[in-house]
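The chains referred to below are lettered A, B, ... by the order of the sequence lines, with proteins before strands, and numbering in each begins at 1. Predicted model only: the values in this text are computed from it and were never measured.
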Protein chains: 2
Amino acid sequence: MTIGELARRTGCGIETIRYYEHEGLLPKPGRTSGNFRRYGQEHAELLSFIRRCRSLDMALNEIRILLRFRSAPGENCGEVNALLDTHIGHVEERIAELQSLEIQLRALRNKCSSARSAEDCGILQGLGGASDDRDASGDKHVPRTHSTKR
Amino acid sequence: MTIGELARRTGCGIETIRYYEHEGLLPKPGRTSGNFRRYGQEHAELLSFIRRCRSLDMALNEIRILLRFRSAPGENCGEVNALLDTHIGHVEERIAELQSLEIQLRALRNKCSSARSAEDCGILQGLGGASDDRDASGDKHVPRTHSTKR
DNA sequence: GAACACCCTGTAGCGACTACAGAGTCAAGC
DNA sequence: GCTTGACTCTGTAGTCGCTACAGGGTGTTC
C-alpha cells in the first residue's frame, strides 16, 4: 500500500510516517519504480503499535525501547515493566503539579470577581505584589498546558 | 545591576532574560560603556511578574496580554478575568486527560506483573494486539508528560 | 494530452527555553 | 602594566514531536 493508504488506515499523518522513518522507528519500506514507498501489513501493525504508545503519551525514546523488545521475543521483559512504572510515575507527578496549579489559579481568580479598572484588579496585584516565592529558585517548571491541536 | 545579578535576584536564567528581551516581554535596558546590560528595580519587578505568571504555566502570549494591562492601569480588566478563566479551563482539561491516561496505563501495567520473556509479556501484547481504537482518528494528543528539567 | 490526486525530498516553523562558540569587559591581585 | 578569572556580549543550533510548506515528479482517468 502507499503511504497515503497507510496513513488512512492508522489515522496517522503522512508527514508523521515519514518522520518516524527518519527517526528509525519505522523501517525503510521498499519502493516502486517511481520511487513511491510501498508498505505491507507488518508496517501497519508496527505503526499502530507506535500510535497506541503515543496515545499513552510515551516519548519516542521510550517507544524505541519497547520496539526493541517487540522484536526480541526471547528477552526478559523486566525493563518493559520498569519503563511503564516510570512513565506512570511521570503522569502522576504531572497530575499533582497541575492540581496544585489549579488551586493557585482559582485563588488568584477570586481576587477579582468583577470587571473593574486594571489599577484595582486583584489578579494583577496578586501577580505583581510581594508573594510567597516558592518557585523563584525551585525551577520545577512543567511543560505546557496549552494544547497543540491540529 | 548586571544581568547576572538580576538573574540571581529573580531565580531566572541569564539566557532566559535575554530571551524575554528578544521576545519583547522585557524592555531593552540601558547599557554600560562596555555594552553590558544595566537593569534597575523596575526590571526586577517586571521579571518577577513574568516568572510568577510562568510558574502558573501561562504561555508567553498570555503574559503579554497581562503586561499590557499592567502598564495601562485605567483600562477595564475584564479581559484579565477572561484570560484566567480560559487558562484554568486548559489546566482542568489537561488534568482530566492525564487522569484517563493514568487509568489506561495502570490497566496495561497489570497485564504483566512479573518479569517473564518478552514474547509472553502482557504489556507488549496489550500495546500491539487488536484494541479499542478510540484514538486512531481522534487525535486529541496531548503535550508531553516528560519534563524538561535543567 | 490535460487535469487532478497523489507522492517525493528538503527545509523551516512551533514554544520556551538551553547550550554552546568565539569574542569582549572588568575588577582584583601582583 | 599584566595576568587571571569571573563575568558579559552576539549569534546560532539544539530540544521534542510533529506540521507546513516549496518545488518538483508520478500515475490514473477522461
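- The distance from atom CG of B/Asn61 to atom P of C/dC17 is 12 Å, rounded to the nearest whole Å.
- Checking the phosphate oxygens (OP1, OP2) of D/dT26, no side-chain nitrogen or oxygen of A/Arg37 falls inside 4.0 Å.
- A/Met1 places its CE atom 17 Å from the P atom of C/dC6, with the value rounded to the nearest Å.
- Between A/Tyr39 and A/Ile17, some side-chain heavy-atom pair lies under the 4.5 Å cut-off.
- B/Arg31 comes within 4.0 angstrom of the backbone, heavy atoms only, and of no base.
- Under 4.0 angstrom from either OP1 or OP2 of C/dC6 there lies no side-chain N or O belonging to A/Thr2.
- Of the candidates D/dA20, C/dC8, C/dC26, D/dA20 carries the atom nearest the A/Glu15 side chain, counting heavy atoms from C-beta on.
- Not counting sequence neighbours, A/Phe36 has no partner by the ring pair (Phe, Tyr, Trp, His ring centres under 6.0 Å) test.
- Among the heavy atoms of the strands lying under 4.0 Å from A/Arg18 is at least one base atom, whether or not backbone atoms are also near.
- A salt bridge is defined here as a Lys NZ or Arg NE, NH1 or NH2 lying under 4.0 Å from an Asp or Glu carboxylate O, and A/Glu15 with A/Arg18 meets this definition.
- Side-chain nitrogen and oxygen atoms of B/Arg54 include at least one within less than 4.0 Å of the OP1 or OP2 phosphate oxygen of C/dC17.
- B/Leu26 has its CG atom 15 Å from the P atom of C/dA16, to the nearest Å.
- Atom NE2 in B/His22 sits about 11 Å away from atom P in D/dT10, given to the nearest Å.
- Rounded to a whole Å, the OH atom of B/Tyr19 is 10 Å from the P atom of C/dT18.
- The distance between atom CD1 of B/Ile3 and atom P of C/dC26, rounded to the nearest whole Å, is 15 Å.
- Between A/Arg9 and A/Gln41, the closest side-chain pair of non-hydrogen atoms falls below 4.5 Å.
- One atom, CD1 of A/Ile14, and another, P of C/dC7, lie 5 Å apart when rounded to the nearest Å.
- Put simply, A/Arg38 has no side-chain N or O that comes within less than 4.0 Å of OP1 or OP2 on D/dT26.
- C/dT18 atom C1' lies 17 Å from atom CD of B/Glu21, rounded to whole Å.
- Side-chain contact check for B/His43 versus B/Met1: every heavy-atom pair is 4.5 Å or farther apart.
- Counting only heavy atoms from C-beta outward, the side chains of A/Asp57 and B/Leu105 never approach each other to under 4.5 Å.
- The closest side-chain heavy-atom distance from B/Thr16 to B/Arg51 is below 4.5 Å.
- Rounded to 10 degrees, the angle separating the terminal axes of the helix from C/dG1-D/dC30 to C/dC30-D/dG1 is 30°, with each axis obtained from five end pairs.
- Closest to the side chain of A/Ala59, out of D/dG17, C/dC17, C/dG24, is D/dG17.
- Heavy-atom distances to DNA chain D give each of A/Ser33 and A/Tyr20 a nearest nucleotide, and the one nearer the 5′ end belongs to A/Tyr20.
- Side-chain atoms of A/Phe36 lie closest to D/dT26 of the nucleotides D/dG17, D/dT10, D/dT26.
- Annotation: side chain to side chain donor-acceptor pair (under 3.5 Å) contacts of A/Arg106 (sequence neighbours excluded): A/Glu102, B/Glu92.
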